[in-house]
Amino acid sequence: QVGYEPLPPTLGRNIFGRQVYQLPGLFAYAKHIVKVDGRAGLFKGLTPRLCSSAIGTVVHGKVLQPGASKKEPVSSLEQVLKETSREMVARSAATLITHPFHVITLRCMVQFIGRETKYSGTLSAFTTIYREEGILGFFAGLIPRLLGDILSLWLCNMLAYLINTYALENGVPASGWRRGRGGAEGAFLHPQVSMAEMKSYSQAVTGFFASMLTYPFVLVSNLMAVNNCGLAGGLLPYAPTYSSWLDCWSQLHKEGNMSRGNSLFFRKVPAGKRYVWE
């Protein structure tokens, strides 16, 4: 995401069999990290990440708890809007409280680029950020992250509602058993997929679609979290100094880099892009 490519692209084939240059994927970079930092390098930033996950789960549950007993089956548009609004508030609260840990996690990982040890521990990282950047340093990249989470949630839930209401309930027969083709006596009977299962599948598909559409917010948020923080990965030549997240978004859009880092495998080299390898 920050534009650091320590390994050169290799000549491979895409899904259509054409030869293309591909950037290294997850496993190639995992091997590179182990070679440089040992297996411990794969777990940089794990402690603040676990803290963020644990605290976020507690906060999310506490915010939703007052209305948990009143939860009803999500069937009407009004109920979908109500449940999505409650979930939005809970997620936003969890994101707001855990964002400092998210910033520290990213900076611990980005240290790999410049071989720094500035953020060597979670508690010392809090001290370092407060001393150099003040309170606002803990919330670098928060706005695009919040916007991305909120947009993703609403897109996912509203698309799922539309599919479940107008495509599945009106277009799919009730669950049960049906006679196999041919209609002969003793023909094999096939179980139909239940409506509940199909609705769960639609939720997963819309969630994936929403995450793809809102990925630029994730990218901008992560870049702003490490931008100009004193680490090599947040400075030129890997990243310019952005004046705001909107400036970051604008520059990435001009460069055609809004989807940078969104794939762990089959990473095609963008046309017209040049990379410098160490």
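These values consider heavy atoms only, across backbone and side chains, with no hydrogens, waters or symmetry-generated copies.
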Between T214 (side chain) and A210 (backbone), is there a donor-acceptor pair under 3.5 Å?
yes

Step by step, work out the side chain to side chain donor-acceptor pair (under 3.5 Å) result for E5 and Y238.
CA-CA 9 Å; E5 296 286 351; Y238 307 108; over 6 Å; no

Out of curiosity, does W154 fall in the hydrophobic cluster containing L213 (side-chain heavy atoms, cut-off under 4.5 Å, transitive links)?
no

Smallest separation among heavy atoms of S152 and S211, with atom names
OG-N, 4.1 Å

Has the side chain of T84 got a donor or acceptor atom that lies under 3.5 Å from a matching backbone atom of V80?
yes

Mind checking whether F112 and H32 have parallel, tilted or perpendicular rings, split at 30° and 60°?
perpendicular

Which heavy atom in P24 sits nearest to a heavy atom in P9, and how many Å separate them?
CD-CA, 4.4 Å

Testing the basics here: between Q251 and P240, what is the closest heavy-atom pair and its distance to 0.1 Å?
OE1-CG, 3.7 Å

Full working for side-chain contact (heavy atoms from CB on, under 4.5 Å) between V226 and L231
CA-CA 8 Å; V226 300; L231 298 177; 5.7 Å; no

In this structure, CD1 of I104 is separated from OG1 of T98 (nearest 0.5 Å) by 11.5 Å

Flag side-chain contact, heavy atom, 4.5 Å: L142 against V103
no

Side chains of I33 and R39: closer than 4.5 Å at any heavy-atom pair?
no

Quick check: closest heavy atoms across G137 and R107, and the distance to 0.1 Å?
O-NH2, 4.1 Å

So CZ of R145 and CG of N222: to nearest 0.5 Å the spacing works out to 8.5 Å

Applying side-chain contact (heavy atoms from CB on, under 4.5 Å), run through L81 and L77 and close with a yes or a no.
CA-CA 6 Å; L81 294 176; L77 178 59; 4.2 Å; yes

Does S92 form a side-chain contact (heavy atoms from CB on, under 4.5 Å) with D149? I'd like the steps, not just the answer.
CA-CA 8 Å; S92 298; D149 284 348; over 6 Å; no

Salt bridge (Lys or Arg N to Asp or Glu O under 4.0 Å) between E132 and K118, worked out:
CA-CA 12 Å; E132 296 183 357; K118 185 177 180 179; 2.7 Å; yes

Does one side chain, of Q79 or Y161, offer a donor that lies under 3.5 Å from an acceptor on the other?
no

Do V36 and K31 come close enough that some side-chain heavy atom pair is under 4.5 Å?
no

Indicate yes or no: at least one non-hydrogen side-chain atom of R91 is less than 4.5 angstrom from one of I150.
no

Please name the residue in the list N228, V220, D247 that meets the side-chain contact (heavy atoms from CB on, under 4.5 Å) test with Y242.
D247

Backbone N or O of A232 within a donor-acceptor pair of the E116 side chain at under 3.5 Å?
yes

Whether H99 and H102 hold their rings parallel, tilted or perpendicular, with breakpoints at 30° and 60°:
tilted

Evaluate whether atom CD1 of I143 has more than 12 neighbouring non-hydrogen atoms of other residues, nucleotides or ligands under 6.0 angstrom away.
no

Check the hydrophobic clustering (I, L, V, M, F, W, Y; side-chain heavy atoms under 4.5 Å; chains of links allowed) and say if L155 and V89 are grouped together.
no

Looking only at non-hydrogen atoms, find the nearest pair between N227 and A239 and report the distance.
ND2-CB, 4.3 Å

Co-membership, hydrophobic cluster, residues F209 and I163, 4.5 Å side-chain:
no

Would V218 end up clustered with M212 when hydrophobic side chains under 4.5 Å apart are linked, directly or stepwise?
no

Can you tell me how far the OG1 atom of T95 sits from the NE2 atom of H60, to the nearest 0.5 Å?
9.0 Å

Shortest non-hydrogen contact between A28 and L7, atoms and distance:
O-CD1, 4.0 Å

Could you go through F138 and F101, starting from their C-alpha distance and side-chain angles, then the distance that decides it, and tell me whether this counts as side-chain contact (heavy atoms from CB on, under 4.5 Å)?
CA-CA 8 Å; F138 294 112; F101 292 97; over 6 Å; no

Give, for atom CE of M224 and atom CG of L219, the distance between the pair rounded to the nearest 0.5 Å.
11.5 Å

Rounded to the nearest 0.5 Å, how far does CD of E83 lie from CG of L64?
8.5 Å

Any heavy-atom pair between the side chains of F126 and P48 that's under 4.5 Å?
no

Look at the aromatic rings of W245 and F217 and report parallel, tilted or perpendicular, splitting at 30° and 60°.
tilted

Donor-acceptor pair, S124 side chain versus G121 backbone, under 3.5 Å?
yes

When rounded to the nearest 0.5 angstrom, what distance separates OH in Y119 from CD1 in I129?
5.0 Å

Out of curiosity, does M258 fall in the hydrophobic cluster containing L246 (side-chain heavy atoms, cut-off under 4.5 Å, transitive links)?
yes

